[in-house]
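Chain letters run A, B, ... following the sequence lines, proteins first and then strands; every chain starts at 1.
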Protein chains: 2
Amino acid sequence: MESYKGLSPSQFFYRNREIAGFSNPVRSLYQAVRELLENSLDATETHGILPEIKLEIKPSNNQNDKITIRIEDNGIGIPITEVPNVFARVFYGSKYVLRQARGVFGLGVKMAVLYAQITTATPIYVKSSIESSETEYEYRLFIDIEKNLPIVLELNVRKKRKKWHGTIVELTIQGNWPLARRRIEEYVRRTALIAPYATIRLITPESSIEYKRVSRKLPEPPQVGKYHPKGVDIELLKILIRSADRKMRLLDFLTKYFDGVGKKTALNFCQWAGFNPDHKIGRLTLTDLEKLSNKMHVYNKWRRPKPLTLSPLGDTLLKEGVKRILEPEFVTAISRPPSSYGGNPFIIETALAWGGKVPVSDTPMLLRFANRIPLLYDESVDVSRKIIDAIDWNVYKVKFPAPIAIVTHICSTKIPFKGVGKEAIAEVPEVEKELNIAIRETARRLRRHLSRIEKMYEIKRK
Amino acid sequence: MESYKGLSPSQFFYRNREIAGFSNPVRSLYQAVRELLENSLDATETHGILPEIKLEIKPSNNQNDKITIRIEDNGIGIPITEVPNVFARVFYGSKYVLRQARGVFGLGVKMAVLYAQITTATPIYVKSSIESSETEYEYRLFIDIEKNLPIVLELNVRKKRKKWHGTIVELTIQGNWPLARRRIEEYVRRTALIAPYATIRLITPESSIEYKRVSRKLPEPPQVGKYHPKGVDIELLKILIRSADRKMRLLDFLTKYFDGVGKKTALNFCQWAGFNPDHKIGRLTLTDLEKLSNKMHVYNKWRRPKPLTLSPLGDTLLKEGVKRILEPEFVTAISRPPSSYGGNPFIIETALAWGGKVPVSDTPMLLRFANRIPLLYDESVDVSRKIIDAIDWNVYKVKFPAPIAIVTHICSTKIPFKGVGKEAIAEVPEVEKELNIAIRETARRLRRHLSRIEKMYEIKRK
Ligand SMILES: Nc1ncnc2c1ncn2[C@@H]1O[C@H](COP(=O)(O)OP(=O)(O)OP(=O)(O)O)[C@@H](O)[C@H]1O
Ligand SMILES: Nc1ncnc2c1ncn2[C@@H]1O[C@H](COP(=O)(O)OP(=O)(O)OP(=O)(O)O)[C@@H](O)[C@H]1O
Ligand SMILES: [Mg+2]
Ligand SMILES: [Mg+2]
């Protein structure tokens with residue numbers, strides 16, 4: 001007799017934690033550090049705050065198999081009533097909105113809390129305060145894995161003695177520091193490359209490194225935006241209609257709820273699609289919704305998605321980051337104009353570094369980023385690697401072995417990640433096309449630089 | 001002001017459906033067919049039934065962008081009260097037990113139902129009956145995506161007019177048949193290879209193919225098993241203790257709830273680990289549980305995991321399947337003895353086919369399977385491909401181009417899938433080692449065969 005049952009989200013990710021990157025003590029330590037650091041950076045830069053982050057990794061016992069990770073940030077903090085949910089309820093967070101962020105799933109930190117709980121039986125410690133509050137508060141939490149609810153072991157609330165806002169998180173997991181060390185240090189180093197306005201202190205058993213910011217210029221934070229008509233489906237229409245006034249006209253619904261749809265565009269669309277612009281949205285049938293969804297997809301006169309939901313670095317800041325970390329002799333960067341795929345806006349930025357302290361290799365070194373997250377795994381199936389390997393570098397005067405590094409950065413409200421562990425990116429034709437244009441443009445600029453160097457040497461010899 | 005909120009599991013997978021393989025109409029059609037076919041095969045062979053499956057794919061409108069998929073099987077059927085949950089509640093199913101199956105997540109068919117709902121506004125149709133029941137029942141269902149609950153649009157129940165058991169499922173999704181066709185046909189063809197005891201009829205707009213079974217011998221179905229001590233963590237101990245009698249002695253707890261732990265082994269473990277075998281499990285503290293979990297992991301005198309939870313094909317059946325599909329001149333197969341990783345038992349089976357109708361290529365053709373699921377994507381990062389490319393085939397008398405194909409099959413209670421879309425498999429040292437042994441053994445047998453052929457020709461010439 002088959003036994004049928006359901007799982008809560010926390011039970012599901014407890015049983016399948018390797019899917020989120022928590023497969024063994026080496027990978028889990030790396031992933032836990034990532035989840036904490038990515039949250040602290042989101043909590044600062046998305047809100048116009050220059051990040052000040054201190055990340056400490058220390059063994060918590062003599063056997064060196066239990067590691068304590070502690071992070072402090074000067075971010076916006078977390079409201080006292082929300083702390084238990086954001087740290088101990090799977091599928092809960094503040095990033096379910098259309099705005100570029102490292103966080104997407106409302107899952108990351110919960111995986112770290114879960115892993116700590118099941119390997120060391122220790123609760124997560126959180127201290128936080130938001131700017132508008134007079135109090136600061138400390139929690140110790142477990143997850144009730146069966147119910148997907150927080151268990152508050154401890155809560156201390158007190159008046160703030162000095163003005164501060166931010167979050168401190170500490171947890172202890174089974175981890176393998178010696179084997180995970182290189183990747184974690186590289187991850188932090190690359191984070192410093194893509195966020196040159198951030199000051200990050202990394203304290204480990206062996207060393208204390210400070211990546212001091214090289215720029216006080218923060219990229220314009222992204223804004224929460226609306227969906228683009230190209231990205232609709234029947235469920236999205238239902239969701240938007242439910243949250244709107246059922247007596248609203250279709251015309252006003254389109255202009256109010258969708259990105260880049262003005263009154264004129266909406267009228268033309270209704271005419272083309274065969275809809276009455278005055279039709280009350282509450283009276284659209286399921287068949288109407290299916291037709292509306294299909295027509296919105298097919299209509300090709302929508303304006304491009306607005307990039308206000310994105311926050312590219314810009315070429316100046318990207319060059320700063322590359323100079324600080326790679327110390328090249330020559331660097332060039334490009335931040336492409338906004339593009340989109342399936343209604344999701346995206347921007348490609350790339351940089352090319354040559355010479356100086358860039359290591360010599362048989363093939364260009366590649367540093368990949370997505371929404372400012374360094375991607376360190378699965379390079380061989382990444383679309384950027386595919387493009388770089390397809391280029392004939394002789395055309396650009398590059399003979400291998402050569403000291404050349406390429407940085408690729410994709411910004412989007414929806415990065416096409418292949419999994420919740422955020423490592424590999426799926427191939428999307430529009431993204432591939434933009435990456436190709438950007439990489440080849442930086443290659444052309446390198447060629448011009450190398451030609452100038454050649455000419456200088458010829459002049460010298462004469 | 002940040003807005004914090006939670007998502008239900010169905011909302012989460014609606015928003016992130018590309019993670020489950022539903023990224024576009026081509027890939028979604030492939031994935032939907034997979035989910036249905038894998039469920040029908042689980043419902044038959046896991047329960048000792050020779051599968052009879054009819055799979056129909058037909059365009060449902062003139063534009064050819066809406067595809068209806070209909071599947072019929074002679075499996076165990078689904079109890080009437082369970083149908084709404086198994087088809088319309090994410091994280092619900094009968095495969096959350098320790099037993100080899102294609103299904104793992106309790107998510108697959110719900111993704112197909114969801115995709116149909118949001119692209120064509122059509123409910124899923126299910127007709128089923130279980131052997132012990134006198135009735136058969138038909139449902140039409142939607143998913144309430146906000147609540148993760150089924151919406152029953154229609155239910156018809158009637159007395160069965162003839163004795164039958166099984167399930168019929170029909171759904172209509174936005175799909176691109178011309179672009180998805182090749183992969184789907186290849187998927188079914190390879191399924192027929194790994195399941196030569198199954199009769200599968202594939203009816204498409206262009207053709208009707210019947211893969212008639214070439215064997216009535218069904219592999220021994222797998223049994224539900226117990227966890228192995230090497231695979232524990234603190235949460236698992238808590239879960240098992242909660243379901244047991246709190247007054248139970250630790251000794252009895254170990255022998256009753258864990259795989260391959262006899263009284264003698266349990267006593268030796270308790271002595272080594274510093275536990276009193278008579279300690280009542282209900283009185284173990286959290287610190288005790290942490291120590292117990294760690295010690296169970298480290299103890300190296302546990303018996304190997306029992307393979308009764310697995311169901312390998314065996315070399316005879318694997319050869320039958322390869323012969324039927326690849327029609328080689330020479331084929332050899334090997335089914336390795338059971339092994340394990342992290343407490344999860346697994347068995348590696350491989351086959352090598354040469355000549356005949358095997359296509360000639362510059363590198364061995366590779367057909368990968370995991371728990372009898374054909375894996376068609378991400379070959380370049382698969383561990384099997386890595387092993388095959390690392391072999392010097394000259395040693396085995398193979399000069400490329402050559403007509404050589406290799407089949408790899410991993411059976412386990414936990415396939416280390418990288419994602420919920422079940423395509424790529426993570427690298428696990430124990431699995432890699434076993435694959436290497438198996439592939440090289442079949443290569444040696446090929447060499448013997450090619451040497452014999454060489455000698456025959458030499459004899460002929462004299
Ligand atoms: N250091 C922090 N400062 C402020 N808010 C935080 C911090 N860490 C976590 N949060 C809040 O907790 C929520 C949940 O974090 P979590 O990492 O689980 O999910 P996420 O970041 O939204 O998405 P993802 O799963 O992709 O990481 C965040 O959305 C954010 O609102
Ligand atoms: N054709 C079928 N015959 C019998 N039972 C079925 C059939 N299809 C689905 N089921 C039942 O519905 C449940 C849910 O199926 P679903 O595909 O969502 O999850 P799963 O197969 O358990 O795991 P996975 O998400 O990995 O596919 C199954 O566990 C099984 O009990
Ligand atoms: Mg996060
Ligand atoms: Mg399934």
TODO: List the steps, then state whether side-chain contact (heavy atoms from CB on, under 4.5 Å) holds for A:Val420 with B:Phe12.
DONE: CA-CA 11 Å; A:Val420 293; B:Phe12 178 83; 4.2 Å; yes
Task: Straight-line distance of A:Thr120 OG1 to B:Asp233 CG, nearest 0.5 Å - done: 11.5 Å
Task: Option in A:Leu236, A:Ile76, A:Asn85, A:Val97 with maximal non-hydrogen atom pairs under 4.5 Å from chain B - done: A:Leu236
TODO: Could you grab the distance from atom OG of A:Ser380 to atom CG of B:Asp378, nearest 0.5 Å is fine?
DONE: 9.5 Å
Task: Structural part of A:Phe142 lying under 4.5 Å from a heavy atom of chain B - done: side chain
- [ ] Select one option (side chain, backbone, both, neither) describing which atoms of A:Lys291 are under 4.5 Å from chain B's heavy atoms.
- [x] neither
Task: Geometric cation-pi criterion B:Lys238 and A:Tyr14, 6.0 Å radius, 45° cone - done: no
TODO: Assess whether atom CD of A:Glu379 is packed by more than 12 heavy atoms of other residues, nucleotides or ligands within 6.0 Å.
DONE: yes
Task: From A:His297 atom NE2 to B:Asp65 atom CG, the distance as rounded to the nearest 0.5 Å - done: 11.5 Å
- [ ] Over all heavy atoms of both residues, which pair between A:Val381 and B:Val381 is shortest? Give the atoms and the distance, please.
- [x] CG1-CG1, 3.6 Å
Open item on the list: Is A:Asn24 close to chain B through its backbone or its side chain, or both, or neither, when contacts mean heavy atoms under 4.5 Å?
Closed with: neither
Open item on the list: Could you measure the distance from the CD1 atom of B:Ile118 to the CG atom of A:Leu289? Nearest 0.5 Å is fine.
Closed with: 13.0 Å
Open item on the list: Quick test of your reading of the model: are A:Lys414 and B:Glu18 salt-bridged, counting only N-O distances below 4.0 Å?
Closed with: yes
TODO: Nearest 0.5 Å please: distance from the OG1 atom of B:Thr122 over to the CG atom of A:Leu286.
DONE: 9.0 Å
Task: Salt bridge flag under 4.0 Å for residues A:Arg99 and B:Glu2 - done: yes
- [ ] Examine whether an atom of A:Glu423 lies under 4.5 Å from a heavy atom of chain B, and if so say whether it belongs to the side chain, the backbone or both; otherwise answer neither.
- [x] neither
TODO: Anything under 30° is parallel, anything over 60° is perpendicular, the rest tilted; go ahead and classify A:Phe91 against B:Phe13.
DONE: perpendicular
Open item on the list: Does any backbone or side-chain atom of A:Val86 lie under 4.5 Å from a heavy atom of chain B? Answer side chain, backbone, both or neither.
Closed with: side chain
Task: Test item: B:Arg15 side-chain N/O and A:Phe105 main-chain N/O as donor-acceptor pair under 3.5 Å - done: no
Open item on the list: For the interface with chain A, which of B:Gly342, B:Pro79, B:Ser8, B:Ala426 has the highest count of heavy-atom pairs at distances below 4.5 Å?
Closed with: B:Pro79
TODO: Specify the closest pair of heavy atoms between A:Glu290 and B:Ala121, including all atoms of both residues, with the distance to one decimal.
DONE: CB-CB, 4.3 Å
Open item on the list: Assess the residue pair A:Asn16 and B:Val104 against the criterion (side-chain contact (heavy atoms from CB on, under 4.5 Å)); give the C-alpha distance rounded to whole Å, side-chain angles, the decisive distance to 0.1 Å, and a yes or no.
Closed with: CA-CA 9 Å; A:Asn16 299 293; B:Val104 188; 4.3 Å; yes
Task: CD-OG distance between B:Glu82 and A:Ser3, expressed to the nearest 0.5 angstrom - done: 9.5 Å
Task: Side chain, backbone, both or neither of B:Gln174 within contact of chain A (heavy atoms, under 4.5 Å) - done: side chain
Open item on the list: Determine whether a donor-acceptor pair (N or O, by modelled atom type, separation under 3.5 Å) exists between the side chain of A:Tyr4 and the backbone of B:Lys95.
Closed with: no
- [ ] Please look at A:Tyr96 and chain B and tell me whether the side chain, the backbone, both or neither of the residue comes under 4.5 angstrom of a heavy atom of that chain.
- [x] both
- [ ] Would you mind checking if B:Arg242 and A:Glu146 are paired as a salt bridge, meaning a charged N to carboxylate O distance below 4.0 Å?
- [x] yes
TODO: Side chain from CB out, backbone as N, CA, C, O: work out which of these in A:Ile239 comes under 4.5 Å of a heavy atom of chain B, or both, or neither.
DONE: side chain
Open item on the list: Between B:Ile19, B:Leu7, B:Ile130, B:Ile145, who has the most heavy-atom pairs with chain A when the cutoff is under 4.5 Å?
Closed with: B:Leu7
Task: Side chain, backbone, both or neither of A:Glu235 within contact of chain B (heavy atoms, under 4.5 Å) - done: both
